[in-house]
Amino acid sequence: MTISLLLDPKLQPASTQLKPVVLKDQVSCFTLSIGIGYLQGYVKRMKALRIKLDQFYDHVLDGHMRIKKELAKDFVAQDMVDILLQLADDPDPDIKLTYDCVRAFTQDLIAGGTDTSATTVEWAISELIKQPRLIKQATEELDRVIGRERWVKEKDIPQLPYIDAIMKETMRKHPVAALIAPHLATEDCNVAGYDIRKGTRVFINTWSMGRDSLLWEKPEEFHPERFLGRKTDIKGQNFELLPFGSGRRMCPGYTLGLKMIQTSLANLLHGFNWGLHDNTKLEDLNMDEVYGLATTRKFPLIAVMEPRLLLHLYKI
Ligand code: HEM
């Protein structure tokens, strides 16, 4: 659903603006109380962007409602928007979902479900390119489990522990949300000796947790093996690794996110040999980060890919 929304030509101009404005806005969130958000012009830009995005969401929602009306009793929900609209039509809901709620949910899915997985895969490939022995290890596993005659499918993932370890190591070193969304303490509590008053706004810094030498041996090194044979939960139960947050406000899209990362990473490694372009040396590959809604590479990865499977498998 997210992909089809993003490919919609009506969204393209707005979506390219959404990212920088939201990124900057996250920074502004910290400073808005003293009016810096206004001075920087973000509020004005966000208001203009909201108008464009609302037009886009109306276009998507109207399209879905039209099809539902045309098909009448033959209608079957095809995607999340259909399901949200069905809930909004429910005459006796536990909680009333308005048309605005459906728009807001749709925006959440676009913002939460796109950059996150893509950014993680880009970091994983960047780290792997710097250490070719890791790519060798991953492709040995892929050749053994999958063979060279087909692509990796979702059902293969449990048989690929090294790919899983690469993903976890990437999320440790490069968590997409370096500062998880702000939370609010609903009661007085004490965490690790710190008193936190009810009503305090709490930020959890997953980036520094992932680089804490008290929690991880040689945290600056990218070393997927640290996760092999170790049962580290990535879904909010092991507090040293919280890429999706934890508790009832943790990422609702984590199963989809994990599947997208594992399947695309496995196929990118299975299907292609990776290298740097021209004469770029491994040690020259810049690994600077930009902090925002997603912690992306400062400079996009430019890599050379060559097919490593039978050529007929690349035909679409
Ligand atoms: C690599 C993939 C992803 C990562 C690392 C990630 C990370 C996160 C994090 C850290 C949060 C904040 C959790 C908290 O406040 O405790 C969050 C919230 C959220 N994520 Fe994800 N996410 C990913 C994929 C997705 C996908 C695929 C979707 C939907 C299609 C999604 C939708 C959302 C939504 C709607 C929220 C807000 C939840 C709320 O405020 O209650 N995310 N995500």
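Start at 1 and go down the list; that is how both ligands and their atoms are numbered.
Think of Ile67 as one node in a network of Ile, Leu, Val, Met, Phe, Trp and Tyr side chains linked at under 4.5 Å; its network also takes in Leu71, Phe75. Here Leu184 is tied to no hydrophobic group at all, with no ILVMFWY side chain closer than 4.5 Å.
The structure places NZ of Lys68 at 13.0 Å from CD of Gln78, a figure rounded to the nearest 0.5 Å.
A tilted orientation is assigned to the rings of Trp151 and Phe272, their planes being inclined by 30° to 60°.
The heavy atom nearest to atom 32 (C) of ligand 1, out of those in Pro175, Pro243, Gly112, is found in Gly112. Here atom 20 (N) of ligand 1 lies nearest to Cys251 when heavy atoms of Cys251, Ala178, Ala118 are compared.
At a heavy-atom distance under 4.0 Å, atoms from both the backbone and the side chain of Thr116 approach ligand 1.
Which parts of ligand 1 touch Leu109 is read off a 4.0 Å heavy-atom cut-off, strictly below it: atoms 29 (C), 30 (C). Short contacts between ligand 1 and Ile261, defined as distances under 4.0 Å to a heavy atom of the residue, involve ligand atoms 1 (C). Near His183, meaning under 4.0 Å from any of its heavy atoms, are these atoms of ligand 1: 14 (C), 15 (O), 16 (O). Taking every heavy atom of Gly245 and a limit of under 4.0 angstrom, the matching atoms of ligand 1 come to 10 (C), 16 (O). In summary, the atoms of ligand 1 found under 4.0 Å from a heavy atom of Ala177, numbered by their order in the structure, are 10 (C).
With respect to the salt-bridge test (charged N to carboxylate O, under 4.0 angstrom), the residues Glu140 and Lys136 qualify. Taking 4.0 Å as the cut-off between side-chain N and carboxylate O, Glu289 and Lys298 do not count as a salt-bridged pair.
A heavy-atom separation below 4.0 Å is found between Met171 and ligand 1.
Not one N or O of Ser117 is nearer than 3.5 Å to an N or O of ligand 1, by distance alone.
Using modelled atom types, one side-chain atom of Glu141 and one backbone atom of Tyr162 make a donor-acceptor pair closer than 3.5 Å.
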